[in-house]
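Down below is the structure, laid out as structure tokens.
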4 protein chains.
Amino acid sequence: MTAASTPKGERRRQALVEAAAELLVERGFDAVRHRAVAERAGLPLSSTTYYFGSLDELVAAAVEHHGRAELVRGSALLAALPTQPRGVDAVVDLVLDQLLGPPAGERDAELVLLRYERLVATFRRPYLRPLMHVLGAELRGLLLEVFTRSGMEFDARRVEQVIAIVDGAVVNALIEINTDPRGVARRMLHEFLAP
Amino acid sequence: MTAASTPKGERRRQALVEAAAELLVERGFDAVRHRAVAERAGLPLSSTTYYFGSLDELVAAAVEHHGRAELVRGSALLAALPTQPRGVDAVVDLVLDQLLGPPAGERDAELVLLRYERLVATFRRPYLRPLMHVLGAELRGLLLEVFTRSGMEFDARRVEQVIAIVDGAVVNALIEINTDPRGVARRMLHEFLAP
Amino acid sequence: MTAASTPKGERRRQALVEAAAELLVERGFDAVRHRAVAERAGLPLSSTTYYFGSLDELVAAAVEHHGRAELVRGSALLAALPTQPRGVDAVVDLVLDQLLGPPAGERDAELVLLRYERLVATFRRPYLRPLMHVLGAELRGLLLEVFTRSGMEFDARRVEQVIAIVDGAVVNALIEINTDPRGVARRMLHEFLAP
Amino acid sequence: MTAASTPKGERRRQALVEAAAELLVERGFDAVRHRAVAERAGLPLSSTTYYFGSLDELVAAAVEHHGRAELVRGSALLAALPTQPRGVDAVVDLVLDQLLGPPAGERDAELVLLRYERLVATFRRPYLRPLMHVLGAELRGLLLEVFTRSGMEFDARRVEQVIAIVDGAVVNALIEINTDPRGVARRMLHEFLAP
DNA sequence: TATGAATGAGTCTTCATTCAT
DNA sequence: GATGAATGAAGACTCATTCAT
């Protein structure tokens, strides 16, 4: 159903979005240029402006691409999560899974970074705001459910605190040479939830 | 002693740094360009490459300029702070003064934003790392002293939590339209310190 | 009979011509582009190349559209004009009605401008020449009749002088800020006819 | 004194202006593009934006180049003109020399055309207005002097009529295949001055 | 008969950096 | 020590036209 039934135009558009999304993680917002995207997608330069009215649109699509993928993954994790009381250690990891994505791998740091780059970048790119709000709301929903299924009665305010702790920890860890944002956040969140 | 005894070269260098620093707050890292800096400083274009080996050096100088200014201000606040027990409300404000700068008006958000833009930007600009570390260490020292003088026995770990709470709150507030990062951080920090 | 009996193709073609004609007055020859025309007509982009072999054809059609409309209006004015001796003042106005169109308000200048833009543009657009000749001949016929019905025995040469005076006056008035080509032409023509 | 003492930068700037001016006569306003100008001048593309802040500036310089050259030529003719009574025939030719430039040669028509293209183009290019006013004023001064030295007491109004007659005649002649604007204007002006 | 898709060529402009003086 | 001059590479975006369907 993918290759066969997806209209060709839609496939090319998708290829551009993916190319842009890759550049976004690898080299940041500044790297998402018409030329770079087209080359990576193996498509002519003008296809970028054909499928996207402006570079901003393409950037937004790339941000959304990542955001959606993260939410899909988060939802999947949640769907597989039985409702049962859990200890702090377990909950902390579930929270990090939702907030920072999969535990590790090659580009762990880059992928985590992107979550904060886009937050900060939104300030100077108002066109990202609506998208970021939607993404943020869905993430919070997921997180709330994680707590619920773990037997913890957290309200929205408490969830917000958890998010703040994790994000604050990560943002400050970003300047380390061999940064381990996940590790730092885990420690901090653990202390917070089990003082 | 300043104008008279400072060598001309040093003065011009400083003018460039200040111009770059202004651009940095106003329009972000991308706005720090040779041309823009030189024009704002009222100096010839090539003075930028004459005094700074590359644009990165200039960016680093601008970041340092802001960082140092913040620390100077923070130190001054601290110097004027009598040692005496304080309630949570008072401490929260002192912390925010150190972490986010003066309560401010006009460009409050921009100035706060810069603190996070540079944190996040450091990941892709390794040359900023040493500087950011020094700056961070000094800030933490200031913060620790604030707690000490307020009769609170916080250790480094606790300070780190406070920083995380504030930074996490702010970073998430950055996507709001009429963002009030300071207000959000105040609420969150208050809940954290006086649950 | 118009909407009902006009074949669909012919109607769409006409819509394109009208869109092009609008762009032509509003923003000049350069503004007549496939995209702009199609968008304004609310038709698909490729309909422009489908109904017109090239952009030039479309431009020519737009020029003709205006030229014909002016002649139709001029003929109507003439048809309503009783044969009777007239003073210079009255004749001057009748001439201006024919040469510059209705006294107008809002876009007076733009509409007048077009008459000269197309004259000048014809030099570099040979494909407009035959059309411009036909249009010019008909206009001269109208003008001659105006004089005749006003009791003035002007020959073709005299008509040519009148045209020159008006056109020369207008063309020179085009560089004024709040240009009043009609006013300028009226004064000049008056002096010419009643020295 | 030309090549030797003219600073190099000024020479290159001049080369660009001349290239632009050539394109302007040969192919009209639309042909004055960065690429085309740079290529014709044998200079790198970016030299065009180095010497001229925008394409408009370059276009204006090209227009001024022609305008000034015409005035210089007109002044020279005038300087060589003894004060003495002249017949209509002679005066007509002197007027045409001033208004249309040298009698003939290769690109006669193109050069004449430019005088009207720029008049008409000014309407949609407001930045040309001041320049066109200055040029126009100087031309009128020249013309007035021509009449004075020929023993004709023309006032500004009469001069304006003469200009209108010539310009109107030319503008209408521009649509002819083998256009002879000078000839047409001569006949018309003659009739006007010696009816 | 129509049109959506597509693109190569070109538009103006910006910029970091080099270099001769 | 200082800078005006210069430019290759790249930036976002536009457009007439072609073509498969």
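Chain letters run A, B, ... following the sequence lines, proteins first, then strands; residues in each count from 1. All of these numbers come straight from a predicted model, not from anything done at the bench.
- Across all strands shown, B/Arg12 has heavy atoms under 4.0 Å from sugar-phosphate atoms exclusively, and none from any base.
- Residue D/Thr48 is out of contact with every strand shown, counting any heavy-atom pair closer than 4.0 Å.
- Of the candidates F/dA2, E/dT13, F/dA5, the closest approach to any side-chain atom of B/Tyr51 belongs to F/dA2.
- Between D/Leu45 atom CG and F/dT7 atom P the separation is 11 Å, expressed in whole Å.
- Regarding contacts with the backbone of E/dT14, every side-chain N or O of B/Arg33 stays at 4.0 angstrom or more from both OP1 and OP2.
- Atom CG of A/Asp56 is separated from atom C1' of F/dC13 by 12 Å (rounded to the nearest Å).
- Nearest nucleotide to the B/Leu55 side chain, out of E/dT18, F/dT17, E/dA16: E/dA16.
- Contact between the side-chain N/O atoms of A/Arg35 and the OP1/OP2 oxygens of F/dA12 is not found at any separation under 4.0 Å.
- F/dG4 atom C1' lies 15 Å from atom CZ of D/Arg13, rounded to whole Å.
- Counting any heavy atom pair closer than 4.0 Å across all strands shown, D/Phe52 reaches no nucleic acid atom.
- Residues C/Ile175 and D/His133 come closest through the heavy atom pair O-CE1, 3.4 Å.
- Of the candidate nucleotides F/dA5, E/dT3, F/dG1, E/dT3 has the atom lying nearest to any side-chain atom of C/Pro44.
- Taking every side-chain heavy atom of A/Ser46 into account, E/dT7 is the closest of F/dG4, E/dT7, E/dG4.
- Atoms NE2 (D/His34) and C1' (E/dC12) sit 6 Å apart, rounded to a whole Å.
- Consecutive pairing runs in DNA chain F reach the stem threshold at E:2-21 with F:2-21, where a stem means at least three Watson-Crick or G-U wobble pairs with distances under 3.5 Å.
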